[in-house]
Amino acid sequence: MLNLVLFGPPGAGKGTQSENLIKKYKLTHISTGDLFRKHLGEGTELGKTAQKFMDEGNLVPDEIVIGMVDEKIHSTPGTNGFIFDGFPRTIAQANALDELMAKNNTQINTMLALEVSEEELMKRLLNRGKTSGRVDDQNEAKIKNRINVYNNETTPVANYYKQQGKLNSIKGVGSIEEIFNRLANTVDTKL
Ligand code: ADP
């Protein structure tokens, strides 16, 4: 199996680049943000619980996120591998992911971390807010909170993978194709 973690701040381009990586390496996409939005759309209990955190740009509690990822992994047996997008976002989630992988006799092969300046992130997210319909993309204060949450709670996750020798920093500015080529070149060295 090939299991990748695609890491980076909100607006770094994880969703866009995931689509390309999935096609090239035939992976199953696990985006916790997308999974939560699906629950929200379907009006499930999990969706209702997550909504108040998401609307403010705060993290949904770890046990809820981890349970949802566990379920998604189990509902996709026989896949070539997974690409985790927007997960793990805390050290507790990173530990839980290692355990889930071990339970399935596999492991995370590598982490791809997209690097984008805060100024560029703000521009991209405000722009996305015009069409995405996402409450959390629509004002500067909410976006700023998401970037702060990322800086405070999520950046330690990069260090977690660095200690395992799995961190690859990738410049996330340029054309979609240029960035994809940087990502794919890195993945190819891990195959
Ligand atoms: P973005 O990366 O643009 O902020 P996502 O779609 O990844 O957007 O996430 C949207 C929201 O969903 C987050 O702000 C958070 O509330 C919630 N969320 C997504 N993934 C996680 C996670 N792994 N842990 C906690 N909360 C999460």
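Nothing fancy with the numbering, it's 1 onward along the sequence. Note that ligands are numbered from 1 as they come in the structure, with each ligand's atoms numbered from 1 the same way.
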Which residue supplies the protein heavy atom nearest to atom 26 (N) of ligand 1, what is that atom called, and how far is it?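 The closest one turns out to be Val60 N, 3.0 Å.
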Distance from atom 11 (C) of ligand 1 to nearest protein heavy atom, with residue and atom: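 The protein heavy atom lying closest is Met54 CE, 3.8 Å.
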Atom CD of Glu120: over 12 foreign heavy atoms under 6.0 Å: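 Yes, the 6.0 Å shell around CD holds more than 12 heavy atoms from other groups.
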Within a 6.0 Å radius of atom CD on Gln164, are there more than 12 heavy atoms belonging to other residues, nucleotides or ligands?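 Result for CD/Gln164: enclosed.
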Cluster partners of Phe180, using ILVMFWY side-chain heavy atoms under 4.5 angstrom, listed by chain and number?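 Taking Ile, Leu, Val, Met, Phe, Trp and Tyr as members, Phe180 shares its hydrophobic cluster with Leu2, Leu4, Leu6, Leu21, Ile22, Tyr25, Leu27, Ile83, Leu112, Leu114, Ile170, Ile179, Leu183, Val187, Leu191.
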Are any of the N or O atoms of Arg134 closer than 3.5 Å to those of ligand 1?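 Arg134 vs ligand 1: N/O contact under 3.5 Å present.
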Give the numbers and elements of all ligand 1 atoms closer than 4.0 Å to a heavy atom of [X].
X      : value
Arg37  : 6 (O), 10 (C)
Lys14  : 2 (O)
Asn58  : 15 (C), 16 (O)
Arg146 : 1 (P), 3 (O), 4 (O)
Thr32  : 19 (C), 20 (N), 21 (C), 22 (C), 23 (N)
Val65  : 22 (C), 23 (N), 24 (N), 25 (C)
Gln93  : 22 (C), 23 (N), 24 (N), 25 (C)
Gly86  : 20 (N), 21 (C), 22 (C), 23 (N)

Is Lys123 salt-bridged to Glu119, going by a charged N under 4.0 Å from an acidic O?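 No.
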Hey, are Lys171 and Glu178 close enough for a salt bridge, meaning a charged N less than 4.0 Å from a carboxylate O?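 No.
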Mark the output for Arg128 as yes if a heavy-atom distance to ligand 1 is under 4.0 Å, and as no if none is.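 Flag set, Arg128 near ligand 1.
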Quick one: which of Arg124, Gln51, Arg89 has a heavy atom closest to atom 19 (C) of ligand 1?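 Checking each option, the heavy atom nearest atom 19 (C) of ligand 1 is found in Arg89.
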Begin from the C-alpha positions of Lys14 and Asp85 and carry the test salt bridge (charged side-chain N to carboxylate O under 4.0 Å, His left out) through to its verdict. CA-CA 6 Å; Lys14 301 186 294 292; Asp85 161 1; 5.0 Å; no
Donor-acceptor list for residues 41-56 side chains, cut-off 3.5 Å, not counting sequence neighbours:
from: Thr44; atom 1: OG1; to: His39; atom 2: ND1; distance (Å): 2.8
from: Thr44; atom 1: OG1; to: Gly47; atom 2: N; distance (Å): 3.0
from: Thr49; atom 1: OG1; to: Glu45; atom 2: O; distance (Å): 2.9

Hydrophobic cluster membership, Tyr150 vs Ile91, 4.5 Å side-chain cutoff: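 Yes, same cluster.
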Rounded to the nearest 0.5 Å, how far apart are OG1 of Thr154 and CZ of Phe7?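 These two atoms lie 6.0 Å from each other.
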